Each structure stands twice: as C-alpha cells, then as structure tokens.
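For reference, the structure discussed in these notes is given below.
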There are 2 protein chains.
Amino acid sequence: MTLGRFTPETTRLDDAARAGWLYYVAGNTQDEIARKLGVSRQSAQRLVSLAMSEKLVKVRIDHPIAACMDLSSGLIERFGLRFCEVVPSDPDAPDLLTGVAIAAATELEHRLKLPEPQIIALGTGRALKACVEQLPRMSCPQHRIVSLLGNMMADGSATPYNATIRMADRVGAQHYPYPLPVLARDCEELRLLQGQEAVRHTLELCGRADLTLVGIGQMGRSAPLYVDGFISDAEMDILEAAGATGEITSWIYDAQGLKIDTDFNSRVASAPLPEASERDVIAVAVGQVKVPAIRAALAGNLINGLVTNETTAILLLG
Amino acid sequence: MTLGRFTPETTRLDDAARAGWLYYVAGNTQDEIARKLGVSRQSAQRLVSLAMSEKLVKVRIDHPIAACMDLSSGLIERFGLRFCEVVPSDPDAPDLLTGVAIAAATELEHRLKLPEPQIIALGTGRALKACVEQLPRMSCPQHRIVSLLGNMMADGSATPYNATIRMADRVGAQHYPYPLPVLARDCEELRLLQGQEAVRHTLELCGRADLTLVGIGQMGRSAPLYVDGFISDAEMDILEAAGATGEITSWIYDAQGLKIDTDFNSRVASAPLPEASERDVIAVAVGQVKVPAIRAALAGNLINGLVTNETTAILLLG
DNA sequence: TTGCTGAGCGAACATTTGCCCATGCGTTAA
DNA sequence: TTAACGCATGGGCAAATGTTCGCTCAGCAA
C-alpha cells in the first residue's frame, strides 16, 4: 500500500527493483520484463541497470573457495586472529572493494540478526562505506551504532565516508555520531572538548562495543589522512621519519603497531584504539599499498579480525 | 596448508565459485574470466552457469518491492493462481485501500487498452470502488462493463459502492447495471425476477466475462453484508453456525470455499459465482479481518487472481 | 509565441552470452 | 589391438544485452 509521496524518483526506483527482481530472481529476459512492465525493451534494460547502479541488487557467492580458505587459516594462525575472511581477487582490479565489502557486510548482518542488543562501533573510510552499502535494509532497534571518530575535515566540511549514519539508517538502529572533529587544534583544546558529557558517553559506548569495525590507512602521499588534508606535506615527512607505518581511526602507529609519540597523535580526537584482546575488532583493508600498515596492525594486536582479499593476503603471508 | 580433499568435484566447484565471483561481483565479461582462469571462453561460460545451477550465486533485491514479488510468487504457487499482485503495506495503515486500488486499476487499464472487445464484470464494495477511482479517463467504446449484482439495500436505497456506473463513465464503455435487488424476498420471487429478458441477458454477459473483478467480504459483525443491513443479527448467528467464512458478490461460502446451503444463499439474486477455471476472476481484498475469507476463496478456487498487500499476503501464506 | 534545454524514448548497431555440434582425447570392453 | 563410449573442448551462430545517437516532448525563460 503506497504511502503519500508519489515522486517520479520513487516510482522509478520501484520499477527498477521490480525489473531487477524479474531479471535476477525470476530469470526473465529483458524482453519479457519489457512486456510485463509495459515498456520498451531498452527501457527495461535501463531499469535493470538502474537497479544495479543504485545497488538494489546484492549478489554474493556462497562457497568457500579452497585457496581463500587456506589463506584465511594461514592468517589466523600466523597472527592469532579470531576472525578472518579472504575473498577472491580480480587480478586486474586487486584493490576492488566490492568483494571485501560483501564479506564484511555478511558478518555485520550476522551480528545484527542477534536478538541480544549489540553495540557496534565504526570507523570511517572508503572500505567501511562500501561495506555499509552492501547491508540490506532491516529493522534492528535493539542495537546501537556508534562512531569512533568525527568526520569533520580541516575546512569544516564533512568527509563523504561517514558510515555510521548510513548504516543506522539502513538497519534501523539507534546511532551515536562522534561529536568532535577529527583533530583538535592542540592538546589543550582536546582536553576541553573531551570534557563534554556527550563525548564521555560516546567514548564509553566505544569502549564497550561488542564489535568494532575499522579501516586501515597507509602512510605516504596516498595516505587517506594526507589526501583528505589532515596531514600536511611537512608533517607527513616528520611522521614517516618517526616510523609511521599505518593508521586506524587516525591514530598513527609504527611497524610494531605501537602508537607513535608525535604532535599529531596528541591532537587526535578519536576514541582510543580498542583493546583488541577483549572485544572483536575487525579491520577491512585491501591493496598492496596497505600491506605494511595491515601487517603492523596485526603485529601490534590492534585488531583481532581481518577481512581482505587474496592478493593482499598472499602479500601479508609472504 | 592444504585442506583435506582435492577431488575434481571440489576444484570444479571452486572454479565455478571463482568464475561466478569474477562475473557477478567484479563485473568481468566471460572473455576476461576465461583469460584470468586460463580456460576457453566457453568453459568460463560453463563455470558461470554451473555456479548458478549449483546455487552458489545468491542474488537478492534490496527494496521493499522485492518482498512483495516474493510474496506474490509464493501465493501463485501455493494456490495455483494465474495472476497475483502484492503491493507494499504501510505499517501504520495496513488496511489502506489506495495501494491495491492502484494495482488493480493498472491491471484493468491494461485490459481496457486491448483493441479486442472485452466484457468486464464487476462486483461491489469499498475495494472495487477505490479501484475504479484510480482509473484514468479513457475512451473504450469497444468494451462492455457489467454488474454482477444489484446494489439496492433493504430499504430500497442504493449502496454507495456501485462500481459499474462509475467505471463505465470513466472509460467510456457501454455498461449494464444489474437489474435486480441484492436479495429477493424468497425463492419464488427470485425465480420470477430472473425470468425477465433483461436479467437473462445480463446473466449471460456475466457468464462470459473476460475478466471478473470482485471484492471479498468477511463474516461476523464487521461483515459488509451485516453493516449494510442485508443480514440481521440473528441470521448472522445462524450463518456462522453453518460455517460461513466469507462472501463474494453476496454468495456465502464456507472454509473450503463451498457455497453453503442456507436460506440466505437461496435468496441471493447476484449472478452465479463465475467458473474461475475458465475465465479470469480476480479478487481485490486487504486486511487481517478478511484473511479467512480470502483463504477460503483461494482454497475453493472461487478466484484465480488476487490483488492484496504485503501484510495480508504474509498472513495468507503464514 | 518562440526558442532553449534536458530527460526520456526507441532504432540501429556493437558486444556479450547461451547453446548446439563436430572434434579429439582418454578409457573401457571385446 | 581396436572399436566404442564418455566427455571436455572450442567453433560458430542465434539470441540477449548494452550503448550510441538522433528524435520528441514537456518545462521554462525570454
């Protein structure tokens, strides 16, 4: 029974979903769909591809591919992980996020289906955003989604990689955005900001999250923190000289996975890195360029779960 | 690092899964997959279709419409329907007629656009009236609209739910109101009335209608027949004791969809229940309170098409 | 009214996919 | 040893799908 609004956009997406269903679920040809929906063949095609591009169509492969299983058990053993999922790589697109996003979303969905209330803490970044986009719509008012860090860029605008709001919207859970910018101006300001009641509450939630899902950032000129303007050229040089190897929720760590002692880290407003020994902390990360950062995070037990792909897994074990 | 078994079957399914992944997740063409897996294009195609036939590939559509399509194919299969349309429900107004009305009107419109002359027979009721109101104005002089029953209330006044006149007016078709009251005083009078030439002609039209569109009435104190004063308190008790479960064009049937043998049915002046095996007979019905009546109509093959909403469909399949 | 613009449509064309069939290779039974 | 059989393979073709391009039409400003 249709609700009040009959915007063209709504009906168009409805039709797209219908066409997608008829195509992918019912196995109709586009000609048949065209006939059933009373449109031309081309329009049916457009609807089907709209369903695709709007990500209404979710495909997953339900088979443990032996090579990936080997890699994941290798990673679990080598780094003492609780959870590890390795998905196939496309040799021509080894950094494609879709595969890991689907795998991580499947794990998330699994957690969300639990009747017991869960606290799920999220970082930011392309990888997490891709994960959240793979989540189906559901209704989980018993859970809480909390952000581990703010998403304000240097100029005051918001980064487009905020996963929390989108996820809470999709799964119908209560959510807690992180009420601070990514970086404070200095330690003094940071202490001031963290004194706020709302901040303390959010931090407390982050601390007892049942599942923490984060991305991993590399250093260098391709670093997310550099690209998004949180780290200047000069500062990046200093950081790399100090051994900076990777970053999780903006906390920069060295090759041993230890938080390095720099001005930058002293201004990071994010929630503290979670204690990965007690809670589930799963990272989603893919790509050759991230390998040192991932390896360091594994070495330092910053995480105890990993979702990655075949090529990255091979490099991590190599 | 090897797993236990490496039967040809296992590796073949592995390859199928990989091919399916490259195809559906990474979006490669079968040529690319062939190159990447080092097999011929045809073999790649076989792997992809194997992944499909082995159901390694799970597709789902993430849109409310998808749930409706699942429900409608469920209803078609369970009850052997020719036609079924399930529209989304508004959780806050599960009995709202607008949605089903639009859906049924769309189907009607589809029929009306046929160049071949159609006979369309209509029942009465709120649902049908709502359908007709959703019809656009058009000009279809080639078709004929005929009423399946009268709309005279006990006191001689007309019920407000007459759909035929309004529809004929909207679509510019010839129309045939039903020239009798809903109920005769007794069998004798009924026989007399049905002897009239006009009545016989109308009945004949009803009998060969290409499409029959009806509502479904529940029993009990909320029954349309009770509310509109066609059934008294005492009679309703008798009917329910006799197993009355629902009603289509005033013909009352039991839980198996069989017309029950009572005084009431012997006085019903409506056209006979259509032979749903030969013609299209579509019911429009929504609401928890109507579920037993709809289920009985489906069980007894009184109808072979259904337009309903999500919540009702779930109850019917539950 | 006229002209502009952008969305949507469908014809035509290019690409991809699905399927049948002839071929060849290995295996088995006579 | 050889004929027969099973079966994976790739050629080739028809169907299905994706894309481009020019057209129309509604909406809108001059």
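In what follows, chains are A, B, ... by sequence order, proteins preceding strands, each numbered from 1. Remember, it's a predicted structure, so these values are computed and weren't measured experimentally.
Note: B:Q30 CD to B:L22 CG = 11.5 Å, rounded to the nearest 0.5 Å.
No donor-acceptor distance shorter than 3.5 angstrom exists from the side chain of B:D14 to the backbone of A:I65, with no hydrogens or angles considered. Although no hydrogens or angles enter the test, the distance criterion places no donor-acceptor pair under 3.5 Å between the side chain of B:N309 and the main chain of B:V286. A distance-only check finds a donor-acceptor pair linking the side chain of A:R78 to the backbone of A:L317 [under 3.5 Å].
Applying the salt bridge (charged side-chain N to carboxylate O under 4.0 Å, His left out) rule to A:E85 yields no partners; only residues at least two apart in sequence or on another chain are considered. Shown here are the side-chain hydrogen bond (donor to acceptor under 3.5 Å, both in side chains) partners of B:R144, two or more places apart in sequence or in another chain: there are none. Every residue two or more places apart in sequence or in another chain that forms a side-chain contact (heavy atoms from CB on, under 4.5 Å) with A:K55 is listed here: A:E133. B:V59 pairs by the side-chain contact (heavy atoms from CB on, under 4.5 Å) definition with A:Y24, A:V57, A:V59, B:V57, not counting sequence neighbours. By the side-chain contact (heavy atoms from CB on, under 4.5 Å) test, A:A313 pairs with A:L71, A:L75, A:V86, A:T308, sequence neighbours left out. For A:A44, the side-chain contact (heavy atoms from CB on, under 4.5 Å) partners two or more places apart in sequence, or in a different chain, are A:I33, A:A34, A:V39.
The environment of CD in B:Q142 is crowded: more than 12 heavy-atom neighbours from other residues, nucleotides or ligands sit within 6.0 Å.
Applying the 4.0 Å criterion to OP1 and OP2 of C:dT17, one finds that B:Q45 has every side-chain N and O outside that range.
Residues of residues 17-26 of chain A having a heavy atom closer than 4.0 Å to DNA chain D, listed by number: A:Y23. Using a 4.0 Å cutoff on non-hydrogen atoms, the parts of residues 29-38 of chain B near DNA chain C are B:T29, B:Q30, ordered by number.
Counting only residues at least two apart or in different chains, salt bridge (charged side-chain N to carboxylate O under 4.0 Å, His left out) contacts with residues 98-110 of chain B comprise B:E107-B:R111, B:E109-B:K113. Sorted by first and then second residue, the pairs that involve residues 87-97 of chain A and meet salt bridge (charged side-chain N to carboxylate O under 4.0 Å, His left out), not counting sequence neighbours, are A:D90-B:K36, A:D92-B:R35, A:D92-B:K36.
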Sub-3.5 Å pairs of nitrogen or oxygen atoms, protein against nucleotides 23-26 of chain D:
none

Heteroatom pairs (N/O) under 3.5 angstrom, protein to nucleotides 7-11 of chain C:
| from | atom 1 | to | atom 2 | distance (Å) |
| --- | --- | --- | --- | --- |
| C:dG10 | OP2 | A:S40 | OG | 2.5 |
| C:dG10 | N7 | A:R46 | NH1 | 3.3 |
| C:dG10 | N7 | A:R46 | NH2 | 3.3 |
| C:dG10 | O6 | A:R46 | NH2 | 2.6 |
| C:dA11 | N7 | A:Q42 | NE2 | 2.5 |

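The CG-C1' distance, from A:N28 to D:dT17, rounds to 15 Å in whole Å.
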